[in-house]
Amino acid sequence: PIDIGTEHVATATLPASFNDLLPHFLVEPDDEYIVKNKPVTLTCRSTPATQIYFKCNGEWVHQDDHLIDRTVDPATGKPIIRSVKIDISRQQVEKIFGLDDYWCQCVAWSTTGTQKSQKAYVRIAYLRKNFEEEPIGKEVSLNQEVLLRCHPPEGVPAAEVEWQRNEHVIDPVSEPNFLVTADRNLIIKQARLADTANYTCVAKNIVARRRSSPATVLVYVNGGWSTWTTWSACSSVCGRGWQRRSRSCTNPTPLNGGMACDGQNVQKSACTATCPVDGGWSDWSNWSECGVDCSMWRSRECTQPSPGTGGKDCQGIDLQSLNCTSQQCLQTASGVEDVALYVGIVAVALCLTLILIVVVLVYRRKKEGLDADVADSSILTTGFQPMGIKPKNSHLLTIQPDLTTTTTSYQGTLHSRHDGTTHTGTAKFSMTNGPLLDPLPNGSHHTLHNGKMTSDPAEFMTRLSNQTYFKTLPRDVANTSYGTFNFLGGRLTIPNTGISLLIPPEAIPRGKIYEIYLTAQRKEDLRLPLAGCQTLLSPIVSCGPPGVVLTRPTILSMDHCSDACPENWAIRLKKQNYEGVWEDVLMMGEELISEPYYCQLEAETCRVFSEQLGRFSLVGESLNMSAAKRLRLVLFSDAYCSTLEYNIRVYCMDDTQDVFKEVMQMERQLGGRLIDEPHVLLFKDSYHNLRLSIHDMPQAHWRSKLLAGYQEIPFYHIWNGSQRFLHCTFTLERLNLSTCELTCQLCVWQVEGEGQSFSLDFNIDSRPLDPEFLLMDNNPSGSALAGPSAFQIPYLIRQKICSSLDTPCPNGADWRLLAQRLKLDRHMSFFASKASPTSVILDLWEAQHFHSGNLNQLATVMADIGKQEAMIFLVSDGEC
């Protein structure tokens, strides 16, 4: 049975492959309106569902008010619910009327979890009588644009508006000359005579229908002149006369009171008609010489005078010929022309023959030379022959590797941590049956790596990423730390990320040496499947190699961004197995001491105790809308601005140091400047988006180029998105290049939720704010520390404390009192399950206080317990 009177319902979450067993809604409640006093019915249908209930305005609806349609699952024989209905009355809605909208939400349970439907809002419908603005009649000219305004009466739901012309509905789709704007006004694009009519604005919703007073639109036509006719012919045939042209007021004809045409409709003009001139012949030219055809000729022209103005052309011929006789006729020898023709033909033939012979000789000579070249050219082309390579047994390329038989060896160079000399040597590590590193042989002359990356970090990552399991490891050495460790333990830290791995003393078996790495995965490089209301709360961290033998749990520290309110969350520790599948290995608040994993969740940090190395992440599932993630809001701008435009970038990211470090590195490459200290915003699981806006800029000097009043980041991009950080850019424009001072208010808030405000007042040309002080982990000792240098408590003193407190005391002055004084008593069961509870408590203290630990405070706690070992803390380092 489920207690619907409580707000929070704990549900079990199955792996992603079982998501289909969660209830999904076939019918979700929709928004409804109460008309007069008639109640409305909300319906919800879900499958599979064992129970379905409604929650209205944050309170569960009584079980008796539900109308439930039950049936029996034919597969299991168990009762299931098909649908649920509730009625909402006007009185229920009026109880909160004016304060907020009345809403209801459907919640469905199945054996695997719960699902929430969309919110359905119930409102009281009404429509007032009087229009806020009615259309006004107009007289307009033809083809003029007409705007008729209409602001309908106030109503819920908002009234729909339609326009009528002479009681007939106007359809803008079928009548493209009409346009109804978004604010419900009517536009007549080009007024026509047919548009002269009475126009009425009709407002209607589900309650009533209201009509405005009719507005008369009269389309008048002003008269316009037609084009002038052509000029008539001159009234006189020869000499002075007159001619006329006319026009009419018909383009268009005046209508509906339009103005008549202004001006004359007839024009007259004087003209002079030129008299006709008949053409006359000129004198004949002289006779030409007698030609070879024994003829000669002469000509004349019609130019004395030329015909004009309708005169006649000259009558008669203009060319005359005459035969020549006696000596005037030139006599030529017969056959001379033929001989010349034949000689020309022969000459052309000889030229063509000679050209052909030359071409043949040149061709044969070139061919002989080409054959010789081709015979020797094989030397030049031998190295450029195309080759097709087909691998043998190509089908083996698709066979998955056998992780159980993979054997990979790699070498590491080990150095002494005490002297300044460097010993070089080769130590081969073999990794079989998974990426397990065997120890170096006993008696090896190599000592531990001192935590300094004296070898090439990129070469180490390349070696590691060649392993089958490590294919997804990033090659970003900036987010990777590694070192070589033995039974004395050590610590790996990724600077400025809040990520560290503590390897306690005795965690590595004596006689074994491991080369261990720690890396922060990028969220976009390794997609972690999320379902429902789940969200990623921590970075994805890999430590390994997986499979190494550990005798005590290591402590992995990483930031998280939850609001640290366990009643709002179901938080799980996930680990990726060898097949790449993410598995739940721990549920916060339900830890089992028999499991190899344990977790302490602090305000901003998560400490994971693990006896197995691997890839981990923290995933949270919100149990109610009060669950919130911490977002860090950071502002950057252009470091230098030589133009009128100036950009401000607002980053919204998970409040973890690793994401902040990544943004800082990216902005450093872009040349950005930090313009204010980061703010923290609690972002709730309320399905509401994040809004950003800028205000209070001096209008005389600056203006925003943003067209809308605000920018918005969708809820799911922040809650379920794969982006590590999101940002919006505000582009501002200064009105003068000499303007350097910028003051404004930049607001970031969640709709119906919490918000933050940045008050900016700075000089855009001044020195930017140094962001390095915001990076919390400035560790000068390096990212890897091995042996005693990695711990606050000296090794010998630690052994004495453990031997003193591990033994139970009747008065309780043992490890239990130490845990209580250090405020770790909620983990008593976990500590008690270990062979040395004191050592685990000291390990956790070391993980929490590496940079800020005070041995004198710990000595005070030991003195309060009554153990004399606290005096040992006063011994100097040299004596230890």
Side-chain angles (χ1 to χ4, degrees), residues 10-22 110-114 400-404 406 431 433-436 467-474 499 501 516-550 553-562 566 569-601 606-623 720 722 830 833:
T11 61
T13 299
L14 296 178
S17 59
F18 293 92
N19 282 346
D20 56 344
L21 298 179
L22 289 172
S110 70
T111 57
T112 58
T114 65
Q400 298 295 327
D402 186 359
L403 296 176
T404 63
T406 300
M431 187 159 56
N433 295 329
L436 173 63
Q467 310 289 333
T468 301
Y469 180 79
F470 309 114
K471 294 294 184 183
T472 57
L473 280 179
I499 300 173
L501 179 68
I516 297 178
Y517 66 86
L518 176 68
T519 183
Q521 303 278 165
R522 290 183 179 271
K523 204 174 182 182
E524 57 270 18
D525 294 339
L526 189 66
R527 183 65 64 88
L528 190 147
L530 300 174
C533 300
Q534 290 183 344
T535 184
L536 191 62
L537 297 177
S538 75
I540 301 175
V541 179
S542 297
C543 55
V548 295
V549 177
L550 299 173
T554 60
I555 300 179
L556 175 63
S557 300
M558 54 186 176
D559 289 351
H560 69 85
C561 60
S562 75
W569 291 95
I571 300 179
R572 295 171 174 82
L573 178 67
K574 287 183 175 286
K575 182 177 182 291
Q576 191 178 33
N577 62 20
Y578 286 97
E579 288 75 22
V581 178
W582 287 93
E583 300 175 334
D584 293 342
V585 296
L586 180 66
M587 176 76 173
M588 296 292 179
E590 300 179 6
E591 300 91 343
L592 299 177
I593 58 176
S594 59
E595 295 294 329
Y597 307 100
Y598 193 81
C599 184
Q600 170 173 295
L601 193 67
C606 174
R607 316 280 181 187
V608 178
F609 295 81
S610 175
E611 298 177 8
Q612 299 176 6
L613 303 183
R615 184 169 293 150
F616 298 93
S617 67
L618 207 63
V619 173
E621 181 179 7
S622 60
L623 300 179
N720 303 104
S722 60
F830 172 69
S833 66

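When a residue number appears, it is its place in the shown sequence, counting from 1. Hydrogens, waters and symmetry mates are skipped; everything else that's a heavy atom, side chains included, is used.
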Contact between [X] and [Y] at the side-chain level, heavy atoms closer than 4.5 Å - yes or no?
X      : Y      : answer
Lys575 : Glu583 : no
Leu556 : Ser610 : no
Cys599 : Met588 : yes
Leu528 : Val619 : yes
Ser538 : Phe616 : no

Search all heavy atoms of [X] against all heavy atoms of [Y] and return the closest pair with its distance.
X      : Y      : answer
Met587 : Ala570 : CE-CB, 3.5 Å
Leu501 : Leu518 : N-CD2, 3.8 Å
Ser110 : Leu22  : OG-CA, 4.0 Å
Leu586 : Tyr597 : CD1-O, 4.2 Å
Pro546 : Gly614 : CG-CA, 4.3 Å
Leu618 : Leu536 : O-CD1, 3.6 Å

Taking only residues two or more places apart in sequence, or in another chain, which ones meet Tyr598 in a ring pair (Phe, Tyr, Trp, His ring centres under 6.0 Å)?
His827, Phe830

What I want to check is whether the side chains of Arg615 and Gln576 have a donor and an acceptor closer together than 3.5 Å.
yes

From [X] [atom1] over to [Y] [atom2], what is the distance, rounded to the nearest 0.5 angstrom?
X      : Y      : atom1 : atom2 : value
Thr535 : Glu621 : OG1   : CD    : 11.0 Å
Ile499 : Asp559 : CD1   : CG    : 7.5 Å
Met558 : Ile540 : CE    : CD1   : 10.0 Å
Ile571 : Leu623 : CD1   : CG    : 9.0 Å

For the pair Asn720 (side chain) and Gln534 (backbone), establish whether a donor and an acceptor sit closer than 3.5 Å, ignoring hydrogens and angles.
yes

Got a donor-acceptor contact below 3.5 angstrom from the Glu591 side chain to the Gly589 backbone?
yes

Side chain to side chain contact (heavy atoms under 4.5 Å, CB included) for Leu550 and Val548? Distances and angles first, verdict last.
CA-CA 6 Å; Leu550 299 173; Val548 295; 4.2 Å; yes

Excluding sequence neighbours, so at least two apart, what forms side chain to side chain donor-acceptor pair (under 3.5 Å) with Glu595?
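Side chain to side chain donor-acceptor pair (under 3.5 Å) check on Glu595 returns nothing, list empty.
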
Between Trp569 and Leu601, is the side chain to side chain contact (heavy atoms under 4.5 Å, CB included) condition met? List the steps.
CA-CA 12 Å; Trp569 291 95; Leu601 193 67; over 6 Å; no

